[in-house]
There are 2 protein chains.
Amino acid sequence: MGVIEKVAKAPQAAPVDVRTRKWVDVLPLDSIIQQDCIEAMRALPAASVDMIFADPPYNLQLGGDLARPDGSHVDAVTDDWDKFDSLSAYDAFTRAWLAEARRVLKPNGTIWVIGSYHNIFKVGSAIQDLGFWILNDIIWRKANPMPNFKGTRFTNAHETLIWASMGEKAKYTFNYRSMKTLNDELQMRSDWEFPICGGQERLKKNGTKVHPTQKPEALLYRVMLACTKPGDIVLDPFFGTGTTGAVAKRLRRHWIGIEREGGYVEAAQERIAAALPLDESAVTTMQAPRQAPRVAFGTLVETGYLNPGAVLTDPKRRWRATVGVDGNLRSECGAAGSIHKLGATLQGAPSCNGWTFWHHETPEGLKPIDTLRQTYLLATQP
Amino acid sequence: MGVIEKVAKAPQAAPVDVRTRKWVDVLPLDSIIQQDCIEAMRALPAASVDMIFADPPYNLQLGGDLARPDGSHVDAVTDDWDKFDSLSAYDAFTRAWLAEARRVLKPNGTIWVIGSYHNIFKVGSAIQDLGFWILNDIIWRKANPMPNFKGTRFTNAHETLIWASMGEKAKYTFNYRSMKTLNDELQMRSDWEFPICGGQERLKKNGTKVHPTQKPEALLYRVMLACTKPGDIVLDPFFGTGTTGAVAKRLRRHWIGIEREGGYVEAAQERIAAALPLDESAVTTMQAPRQAPRVAFGTLVETGYLNPGAVLTDPKRRWRATVGVDGNLRSECGAAGSIHKLGATLQGAPSCNGWTFWHHETPEGLKPIDTLRQTYLLATQP
DNA sequence: AGCGTAGATGAATCCTGGC
DNA sequence: TGCCAGGATTCATCTACGC
């Protein structure tokens, strides 16, 4: 593994044509090119890599400071690399690097790009305009996203990945069997759940995170396992702290990283050097735990298992409450809240399991609403 | 509920200006306009609806329905002219109907558009270019998606919705409390799970489905509950078999549907006629505190719920403060101010909710003064 | 050692009404 | 238009520390 500071400054031994500044015959495999990604890709030969994984800046456009309800400060992404003058400037940047990426990809290669609603529509639109053929969009559902502290929107709990081939008729690699095995013999779906990158995996220096947006290795692992073969070449034009390189090394794929910031390059080098080829046990630990799906009471209302206006009672019929459109319960005395909250309030208890406390009338008598939840699960789970 | 076949052919009684072909003073509420959606929206007054929900076609095999490229520049990057042509036509069509939608929306209104990877990137990109401000993208995770029979890709198990306001500074309706109640007291996330539309809900004629992409009512239910108020006007420019109308009627919102195909119009009419509005009381949702009557802390002192001289502390008893006659707090260190200000000052935080920060001693232990406010509200509200 | 609790934190376009 | 002040607002996970 080496680091090439700039193609133009590469040592004479490096296989670069001085006039064209292009890599000849041999690619800078398993090394980091420290340079702007568009320039660096221009120096790579056409049709030379099997996959591109790209995590470009999202163009977040954050406002002022944000504080949590407890008053603490939210550490936002304020880095210069995420600043663009305008939406159209971002658009131009996106089209420029995607065009180079397309040139560098083999005809049977595929590209992956990750983003959020801030940028993914611009990315996807450019991908289609450039002639790529979208194969799937994949949702990374975050197990532990940051909440919406001000209660102004839905919790932004996912990111989107686009997977595309070189064209409508292009061939591509998809390891269907691997994915099905990884998913307990069920077809792998387009929504994947992983925790955000934290704990031991998160790179830190002097106690602070090295990169603000480090991606979990599990995500890259699934991407590479699904869409490359051992020995394939994976290019990451926004290498950051090298998640792509670390996973590629473990999965015995070749990688090329492009990254402008020296600090990130250094951290990536160290990290990848320490990465070990995969062993069996690691495979199992990479899998997201299968957990019983959680069903909110409101879901039963939305899906018609229980209608707004229905009356619930406790098992002893001491209290009656009416179901509201949003799944709230309103008792005759005027108190209102969720099934759990109202149950607790009426009993004067600190907490209450609304699922077993509240009952509804059925032809077979009073039944806990928990039975409705079971019915819903049976109907919707495979 | 009525059906207007075409604005130009509307009966004389209809409030349409013959020269401008526009609706005047009165909107065609709770009715279906059978016409092309762009023309039909042109006839509606500007800034007249509170929400637009759109489920546009995403079939890229364009027929005569979609506008041809209107002189927009030709990008020479692609070599597949057929595909570029249809992609460009779809783009033009998308921008045309979105521009009309924007004109028709109130300044504080919001738009929802649903789509899949075939079209959602074009839609989102156009939404941003037109000046809308994306608030969230929402993932509808299908509980029971159709499998990928060929095993060539990931199972396409979700669709994407975009929710946007009229601009960065625009206000919008978001019933945060309702969503949190609906989700068992956890913030509603950006990924929603619903089954696909089937069973009794799926409209059928002679045993075959009436519409190929009928959306589940549960989806529209959550959208409307989250982002509209009772009595609001919801416009659906791609009405299909009227899911939007049926849900709007149940939730006591007004609706306007635009649909070109007579067969769908007929099915929608029948369906919506059969839908029953929910009882007034059931439509009541959980109120955000700021919509509840405001109670000043001083009021609690004036009315004797808390006496001047009472001592308050934070939950960890790190700070003590005495209640003044005017509802001011004075800490032992001499700092003074409103319950909010003093809390913020002592913690060194930018702000503080005094109602939950300050506690008072009760026989049951330390309790936040917010409970006093609840008691006061229960005692004084009808 | 093991358990329980407190504190920190993550790609976030994060307030509103009155003067 | 901006400024000021009231007051509303968080979930899952990991680490550190004390008992």
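Chain identifiers are assigned alphabetically (A, B, ...) following the order of the sequence lines, protein sequences preceding nucleic acid strands; residue numbering begins at 1 within each chain.
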Pairs where residues 120-137 of chain B contributes a residue and the test salt bridge (charged side-chain N to carboxylate O under 4.0 Å, His left out) is met, not counting sequence neighbours: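 Of all non-adjacent pairs touching residues 120-137 of chain B, those that pass salt bridge (charged side-chain N to carboxylate O under 4.0 Å, His left out) are K122(A)-D129(B), D129(A)-K122(B), D91(B)-K122(B), R95(B)-D129(B).
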Any salt bridge (charged side-chain N to carboxylate O under 4.0 Å, His left out) involving residues 143-161 of chain A? Give me the pairs, sequence neighbours left out, ordered by first then second residue.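 Checked against salt bridge (charged side-chain N to carboxylate O under 4.0 Å, His left out) - neighbours excluded - the pairs reaching residues 143-161 of chain A are K142(A)-E159(A).
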Could you pull out all residues at least two apart from [X] that satisfy ring pair (Phe, Tyr, Trp, His ring centres under 6.0 Å)?
X: W112(B); answer: W163(B), W192(B)
X: Y117(B); answer: none
X: H359(B); answer: none

Rounded to whole angstroms, how far apart are [atom1] on [X] and [atom2] on [N]?
X: F174(B); N: dT9(D); atom1: CZ; atom2: P; value: 12 Å
X: E193(A); N: dA12(D); atom1: CD; atom2: P; value: 11 Å
X: L66(A); N: dA8(D); atom1: CG; atom2: P; value: 18 Å
X: H340(B); N: dA8(D); atom1: NE2; atom2: P; value: 6 Å
X: E185(B); N: dT9(D); atom1: CD; atom2: C1'; value: 14 Å
X: I369(B); N: dG6(D); atom1: CD1; atom2: P; value: 14 Å
X: L377(B); N: dG7(D); atom1: CG; atom2: C1'; value: 15 Å
X: F154(A); N: dT10(D); atom1: CZ; atom2: P; value: 15 Å

Under a 4.0 Å N-O cut-off, is there an ion pair linking [X] with [Y]?
X: R271(A); Y: E266(A); answer: no
X: D370(B); Y: R373(B); answer: yes
X: R189(B); Y: D191(B); answer: yes

Does some side-chain heavy atom of [Y] sit less than 4.5 Å from a side-chain heavy atom of [X]?
X: I134(B); Y: I127(B); value: yes
X: R141(B); Y: I139(A); value: no
X: L306(B); Y: V323(B); value: yes

Plane angle bin for Y264(A) and H211(A) - parallel if under 30°, tilted between 30 and 60°, otherwise perpendicular: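 The arrangement is tilted - the two ring planes meet at 30° to 60°.
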How are the rings of W319(B) and F357(B) set relative to one another: parallel (under 30°), tilted (30 to 60°) or perpendicular (over 60°)?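 The arrangement is tilted - the two ring planes meet at 30° to 60°.
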Just the dot-bracket of DNA chain D, please: which string comes out with Watson-Crick or G-U pairs under 3.5 Å, [ ] for crossing, | for another strand? .|||||....|||||||||
With a non-hydrogen cut-off below 4.0 angstrom, is [X] in contact with a base, only sugar-phosphate, or nothing?
X: A143(A); result: sugar-phosphate
X: T213(A); result: base
X: D55(A); result: base
X: P216(A); result: nothing
X: R189(B); result: nothing
X: I134(B); result: base

How does protein contact run along nucleotides 14-19 of chain D, one letter per nucleotide 5' to 3', with B for base contact, S for sugar-phosphate only, - for none, heavy atoms under 4.0 Å? SS----
Distance check, [atom1] atoms only: [N] and [M], in whole angstrom units.
N: dT15(D); M: dA11(C); atom1: C1'; value: 23 Å
N: dT13(C); M: dA8(D); atom1: P; value: 23 Å
N: dA8(C); M: dT10(D); atom1: C1'; value: 13 Å
N: dA1(C); M: dG18(D); atom1: C1'; value: 14 Å
N: dC14(C); M: dG7(D); atom1: C1'; value: 15 Å

With E168(B) via side chain to side chain contact (heavy atoms under 4.5 Å, CB included) - residues at least two apart: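 E168(B): side chain to side chain contact (heavy atoms under 4.5 Å, CB included) contacts with W133(B).
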Can you give me the first and the last nucleotide of DNA chain C (5' to 3') that has an atom within less than 4.0 angstrom of a non-hydrogen atom in chain A?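 Result: dT9(C) to dC15(C).
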Do any of residues 222-229 of chain B sit with a heavy atom less than 4.0 Å from DNA chain C, and if so which?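 Correct list: empty, so none.
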Nearest 0.5 Å, please: how far is CD1 in I120(A) from CZ in F121(B)?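 Atom-to-atom, F121(B):CZ and I120(A):CD1 are 6.0 Å apart.
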From CG (D75(A)) to NZ (K209(A)), nearest 0.5 Å: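 Answer for the CG-NZ pair, D75(A) versus K209(A), is 4.0 Å.
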Under 4.0 Å from any atom of DNA chain D, heavy atoms only: list the residues of residues 350-360 of chain B that qualify, in numerical order.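 S351(B), C352(B), N353(B), W355(B) - these, ordered by number, are the residues of the stretch whose heavy atoms sit under 4.0 Å from the strand.
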Enumerate, atom names and distances included, each donor-acceptor pair closer than 3.5 Å involving a side-chain atom of residues 334-342 of chain B, sequence neighbours excluded.
from	atom 1	to	atom 2	distance (Å)
S338(B)	OG	H340(B)	N	3.4
S338(B)	OG	K341(B)	N	3.1
H340(B)	ND1	G354(B)	N	2.9

Side chain of F149(A), heavy atoms from C-beta onward: which of dG7(D), dA12(D), dT10(D) has the nearest atom to it?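 So the nucleotide nearest the side chain must be dT10(D).
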Is dT13(C) syn or anti, taking syn as a glycosidic angle within 90° of 0?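 dT13(C): syn.
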Between F238(A) and W97(A), does the ring centre distance come in under 6.0 Å?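 Between F238(A) and W97(A), the centre distance is under 6.0 Å.
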Side-chain N or O of K180(B) less than 4.0 angstrom from OP1 or OP2 on dT9(D)?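 No, because none of the side-chain N or O atoms of K180(B) sits under 4.0 Å from OP1 or OP2 of dT9(D).
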Judged by each residue's nearest nucleotide on DNA chain C, which is more toward the 5′ side, K316(B) or Y117(A)?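 The residue mapped nearer the 5' terminus is K316(B).
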